[in-house]
Amino acid sequence: MSPPRSGRAAPCRPRGEILLSRPRGREAEGALAGFGRTHDVGDLGASALGREVVVCGWVEDVRRMGSSMAFLTVRDQTGVVQAVARGEACGALAGLTRQSAVSVAGTVKETRARGGGVEVEAARIDVLGRAAGRLPIDPTGRLESGLDNRLNARALDLRSPRTAAVFRLRHRALAAIRGSLSGAGFTEITTPKIIGSASEGGADLFPLEYFGRGAYLAQSPQLYKEQATMGLGRVYEISSFYRAEKSHTGRHLSEFTSVDVEAAFADHEDVMGTLESVVAAAAAAAAPGGAGAPGGGLPRPPPVPFERIAYSRAVDELASEGEAVEFGDDLADAHLRVLGRRHPGFYFITDWPLALKPFYIREGADDPDLSRSFDLQYGHLELSSGGMRLHDPEALRSRLAAQGLDPAGFGGHLASFSWGMPPHSGWGLGLDRLVTVLAGLDNVREAVLYPRDPDRLTP
RNA sequence: GCCCUUGUAGUAUAGCCCGGUCUAGAAUUCGGCCCUGUCACGGCUGAGACGCGGGUUCAAAUCCCGCCGAGGGCGCCA
């Protein structure tokens, strides 16, 4: 984008290379002072043999061999390397604690360490940020700290390769989701998180004061994304949303990340296909990191299409398992666990009773008591729900009233439906839950950097 | 909102059921000393804990009650 600012920067930098990333090769040589890093640890290999390099990272171990020789292992986000300090460089290690931030300047040599590879014969080691002697968690994972302590010290926890792997996986999944949707002609939008009225029913909202007026944190972009289809056709949003539910489970958060999709001139089947593509793309992108995460993640990308199970069939299956569910009952978690046992992996539950669905969901094509709707499950975990929407303003108005909501509170929204609203469909996908599944985690808090739940507001 | 489980050094734990053996144990971390090819280095050594408040008892880490924290489940919800 912008031209290189530093006169020292290499000319003809390949397009797309980030300016602050490592200068490689000859231009890096001789940079032995300060923290003029020349390499990420992961880039040290046979090709660097004999080079003078500067690497920066965090001290994982210090092994002192007498007063004038020590080995330390230094980890950065790309890997771990052993440095050997002798003489003066070793003297600089007095008082050095594990997990301190250091720069190591030295020469790359073949190592005699187990496992082979290279090491850095240190000419100089600078302690750039000293770590306290006793840390609230052990980021090396030798002693696995409890989740509460890890979250309280999340910044340090992030130094743990296991934890870092989860967030790299999340990053790859997000990139794949954006790529999938963008490739399918969806435009990414951002809708307000501060809203004026509790317009959707359903979950409780967080109230807040907005210049002397009452307002709320948005629970979903539902109404805005539907409106946006009128001009942009296919839209999606990936944002945080807020639910003031006092849920104490391993799968609920007060602040969660939702992937929301809405498409004009599409029915529920169309967007189910979109959802399958998105989930498959995310799973494929996540796969390389799955092994590094607890539980190992998914064994391989899931086959599509996902199985479709009509709600009525789910009720029958539950009856055959001795679970009494009346047609029209919502499926409780215990029921979903039974279904999840019978259908491990991804599957849809479709054709829900209309009464169980929000006001904007369209009735069934053949049965007005059913709906053109679906939930995407992974085992017993609900990942997504969506469907075809009502696009006729009169139908929407009467459904609002039927659900006990005041159409007057939806004036602006209803008005937009008289400006040529296309038939449209969409879904919302819980990204944190998807990452939980893809990384093989058992608590959604692990998949969120700084999770918010009814009992946790910090850090 | 309801229910269950659980709180021991910085971390992760043993001990609790069945009160006295606990002056609370092992590991790791941290401090000191020794060690020039280690690799979770090793050796010697030191420091460090029963969540808080009541109660029962001759005696409480252990049993009871309350509070606080944590984990899970139900409900709600995605």
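Keep in mind that what you see is a predicted model, and the values were worked out from it rather than measured. Below, each value reflects all heavy atoms present in this structure, side chains not excepted, and no hydrogens, waters or symmetry copies. Lettering of chains follows the sequences in order, A, B, ..., and the numbering in each one begins at 1.
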Whole-Å distance, A/Leu205 CG to B/C76 P, equals 18 Å
Rounded P spacing from B/C22 to B/C16 in Å
13 Å
Is there a side-chain contact between A/Arg251 and the phosphate of B/C74, meaning an N or O under 4.0 Å from OP1 or OP2?
yes
Calculate the interatomic distance between A/Asn149 atom CG and B/G10 atom C1'; express it in whole Å.
10 Å
Can you tell me how far P of B/G73 sits from CG of A/Asp453, to the nearest Å?
13 Å
So does A/Asp316 pair up with A/Arg313, basic N to acidic O under 4.0 Å?
no
How close or far is atom P of B/G69 from atom NE2 of A/His248, stated in whole angstroms?
10 Å
Between NZ of A/Lys246 and C1' of B/C74 the distance, given in whole Å, is 16 Å
Could you measure between the two P atoms, the one in B/U6 and the one in B/C63, and give it in whole Å?
10 Å
Please determine if a side-chain N or O atom of A/Asn152 lies less than 4.0 Å away from the OP1 or OP2 oxygen of B/A70.
no
Pairing partner (Watson-Crick or G-U wobble, both distances under 3.5 angstrom) of B/G31:
B/U45
Roughly how many Å is it from CG in A/Leu143 to P in B/U13, rounded to a whole number?
9 Å
Nucleotide B/G69, atom P - distance to CG of A/Leu151 in whole Å:
17 Å
Rounded C1' spacing from B/C44 to B/C35 in Å:
11 Å
ring-ring contact (aromatic ring centres under 6.0 Å, His included): which pairs involve residues 307-326 of chain A, sequence neighbours left out?
A/Tyr311-A/Phe327, A/Tyr311-A/Trp352
Nucleic acid contacts - residues 325-338 of chain A versus RNA chain B, non-hydrogen atoms under 4.0 Å
A/Ala332, A/Asp333, A/Arg337
Does one side chain, of A/Glu245 or A/His252, offer a donor that lies under 3.5 Å from an acceptor on the other?
no
B/A9 and B/A26: how far apart are their C1' atoms, nearest whole angstrom?
13 Å
Would you indicate, yes or no, if B/G72 has its OP1 or OP2 atom less than 4.0 angstrom from a side-chain nitrogen or oxygen of A/Asn443?
yes
With a 4.0 Å cut-off on heavy atoms, is A/Asp432 in touch with a base, just the backbone sugar-phosphate, or nothing at all?
nothing
Is A/Gly66 touching bases, backbone alone, or none of the nucleic acid, heavy atoms closer than 4.0 Å?
base
Using a cut-off of 4.0 Å on non-hydrogen atoms, how would the nucleic acid contact of A/Leu381 be classed: base, sugar-phosphate, or nothing?
nothing
Mate of B/A70 where both pairing distances stay under 3.5 Å, Watson-Crick or G-U
B/U5
Salt bridge or not for A/Asp148 and A/Arg456, using N-O below 4.0 Å?
yes
Quick test of your reading of the model: are A/Glu119 and A/Lys109 salt-bridged, counting only N-O distances below 4.0 Å?
no
What distance, rounded to whole Å, do you find between the two C1' atoms, one in B/A27 and one in B/C33?
22 Å
Under 4.0 angstrom, heavy atoms only, what part of the nucleic acid is A/Gly115 near: base, sugar-phosphate, or nothing?
nothing
Could you check how far CZ of A/Phe206 sits from P of B/C76, rounded to whole Å?
19 Å
Over all strands shown, is A/Thr140 touching base, sugar-phosphate only, or nothing at heavy-atom distances under 4.0 angstrom?
nothing
What integer number of Å spans the P atoms of B/C30 and B/G69?
32 Å
Would A/Arg372 and A/Asp267 pass as an ion pair if we require N to O under 4.0 Å?
no
Side chain of A/Arg134, base of B/U29: donor and acceptor closer than 3.5 Å?
yes
Between B/A12 and B/C50, how far apart are the two C1' atoms, rounded to whole Å?
16 Å
I'd like to know if A/Arg75 pairs up with A/Asp61 as an ion pair, taking the criterion as any Lys NZ or Arg NE/NH1/NH2 lying under 4.0 Å from an Asp or Glu carboxylate oxygen.
no
By nearest-nucleotide position on RNA chain B, the 5'-leaning member of A/Arg63 and A/Arg86 is A/Arg86
A/Glu262/A/Arg234 ion pair, N-O < 4.0 Å
no
Between B/A70, B/U11, B/C77, which nucleotide has the shortest distance from any of its atoms to the side chain of A/Asp138?
B/U11
Using the C1' atom as the reference point in each nucleotide, state the distance between B/A78 and B/G66 in Å, no decimals.
37 Å
Does A/Glu255 pair with A/Arg243 as a salt bridge, N-O distance under 4.0 Å?
no
Answer yes or no: does a side-chain N or O of A/Arg64 lie under 4.0 Å from OP1 or OP2 of B/C35?
no
Does the B/U11 base have a donor-acceptor partner in the side chain of A/Glu144 within less than 3.5 Å?
no
What is the nucleic acid contact for A/Ser247, judged by heavy atoms within less than 4.0 Å: base, sugar-phosphate only, or nothing?
base
Is the base of B/G37 stacked against the aromatic ring of A/Phe71, taking ring centres under 5.5 Å apart and planes under 30° as the test?
no
Select one nucleotide: of B/U38, B/G73, B/U11, the one nearest the side-chain heavy atoms of A/Thr249.
B/G73
For B/G20, the nucleotide meeting Watson-Crick or G-U wobble distances (both under 3.5 Å) is B/C58
What about A/Glu119, does its side chain sit under 3.5 Å from the base of B/G37 through a donor-acceptor pair?
yes
For A/Arg98 and B/C30, is the shortest distance between a side-chain N/O and OP1 or OP2 below 4.0 Å?
yes
Could you tell me whether A/Arg86 and A/Glu121 have a side-chain N and a carboxylate O separated by less than 4.0 Å?
yes
Any A/Arg114 side-chain nitrogen or oxygen under 4.0 Å from OP1 or OP2 of B/A40:
yes
